Undergrad: 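I'd like to ask some things about the structure below.
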Amino acid sequence: MTQAPTELKICRADYQRGEHASALVDLLDAYARDPAGGGRPLSDFAKSHLARELAARPQAFSVLAFDGAQPVGLVNCIEGFSTFACRPLVNVHDVVVLASHRGRRVGELMLAEVEAIARERGACKLTLEVLQGNTPAIKLYERIGFAGYQLAPALGNAQFLQKWLG
């Protein structure tokens with residue numbers, strides 16, 4: 001069994017705090033450069049505006065992981081709304097763990113904090129999307145209780161689709 005880093009600290013990001021804003025951008029940029037994140041760095045616009053834009057949205061929150069002073073993990077979340085449950089839901093939009101800290105429960109610990117925040121907000125569920133080929137992430141998500149979304153088994157699982165607007 002793998003152990004969590006001894007100096008690991010999980011915290012809710014404060015977008016106004018310089019070290020949190022920097023960690024947010026640096027970790028998301030590392031994820032964007034990874035094949036699982038698209039293989040391209042964040043734009044200069046995203047790097048310079050991300051923390052401010054997230055701070056302007058009360059439905060957004062992030063969780064950070066630090067190993068000592070080094071930022072090693074990030075989860076970005078956006079609150080949505082379930083019309084069927086008539087309650088908020090929380091979409092886990094980005095999950096980032098630096099390669100140096102994968103397999104050390106960092107993602108699991110951050111997602112436990114996300115779940116606590118979602119429960120505080122009265123959310124009925126957590127949602128996320130994951131690439132089919134990202135087997136380690138899928139194993140993590142299934143281990144902590146995520147499952148494919150379906151309303152009627154005969155209709156199969158829901159698919160995540162997108163349409164770029166510009």
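Everything quoted here is computed from the prediction, not taken from an experiment.
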Undergrad: Taking all non-hydrogen atoms of both residues into account, name the closest pair between P58 and R121 and its distance.
TA: O-NH2, 3.3 Å
Undergrad: Determine yes or no for a side-chain-to-main-chain donor-acceptor pair under 3.5 angstrom, with D29 supplying the side chain and L42 the backbone.
TA: yes
Undergrad: Other residues, nucleotides and ligands only: do more than 12 of their heavy atoms fall within 6.0 Å of CG on N157?
TA: yes
Undergrad: Do you know the tightest heavy-atom contact between A85 and C124?
TA: CB-SG, 3.8 Å
Undergrad: Nearest 0.5 Å, what's the OH-CG distance between Y15 and L50?
TA: 8.0 Å
Undergrad: For atom CZ of R119, is the number of surrounding heavy atoms from other residues, nucleotides or ligands below 6.0 Å larger than 12?
TA: no
Undergrad: Nearest 0.5 Å please: distance from the CG atom of L74 over to the CG atom of L27.
TA: 5.5 Å
Undergrad: Is E120 atom CD crowded by more than 12 heavy atoms from other residues, nucleotides or ligands, each under 6.0 Å away?
TA: yes
Undergrad: Pick from T127, V130, L111: which one makes a side-chain contact (heavy atoms from CB on, under 4.5 Å) with V92?
TA: L111
Undergrad: Work out which heavy atom in V97 is nearest to a heavy atom in R102; give both atom names and the distance.
TA: O-NE, 2.9 Å
Undergrad: What's the separation between atom CD1 in I10 and atom CZ in F66, rounded to the nearest 0.5 Å?
TA: 10.0 Å
Undergrad: Salt bridge check, E79 against R57: does any charged N sit closer than 4.0 Å to a carboxylate O?
TA: no
Undergrad: Treating H49 as the side-chain partner and F45 as the backbone partner, does any N or O pair qualify as donor plus acceptor under 3.5 Å?
TA: yes
Undergrad: Do F61 and V90 have side chains that approach each other closer than 4.5 Å (heavy atoms only, starting at C-beta)?
TA: yes
Undergrad: Indicate yes or no for a side-chain donor-acceptor contact from R87 to the backbone of S82 under 3.5 Å, with no hydrogens or angles considered.
TA: no
Undergrad: Which atom names give the shortest non-hydrogen contact between L24 and A51, and what distance separates them?
TA: CD2-CA, 3.9 Å
Undergrad: Kindly give the heavy-atom pair with the smallest separation between M110 and L64, and that separation in Å.
TA: SD-C, 4.3 Å
Undergrad: Quick one: closest heavy-atom pair of G73 and V106, and the distance?
TA: CA-CG1, 4.4 Å
Undergrad: Is a donor on one side and an acceptor on the other found under 3.5 Å between the side chain of H20 and the backbone of D14?
TA: yes
Undergrad: State whether the number of non-hydrogen atoms from other residues, nucleotides or ligands found under 6.0 Å of R143 atom CZ is greater than 12.
TA: yes
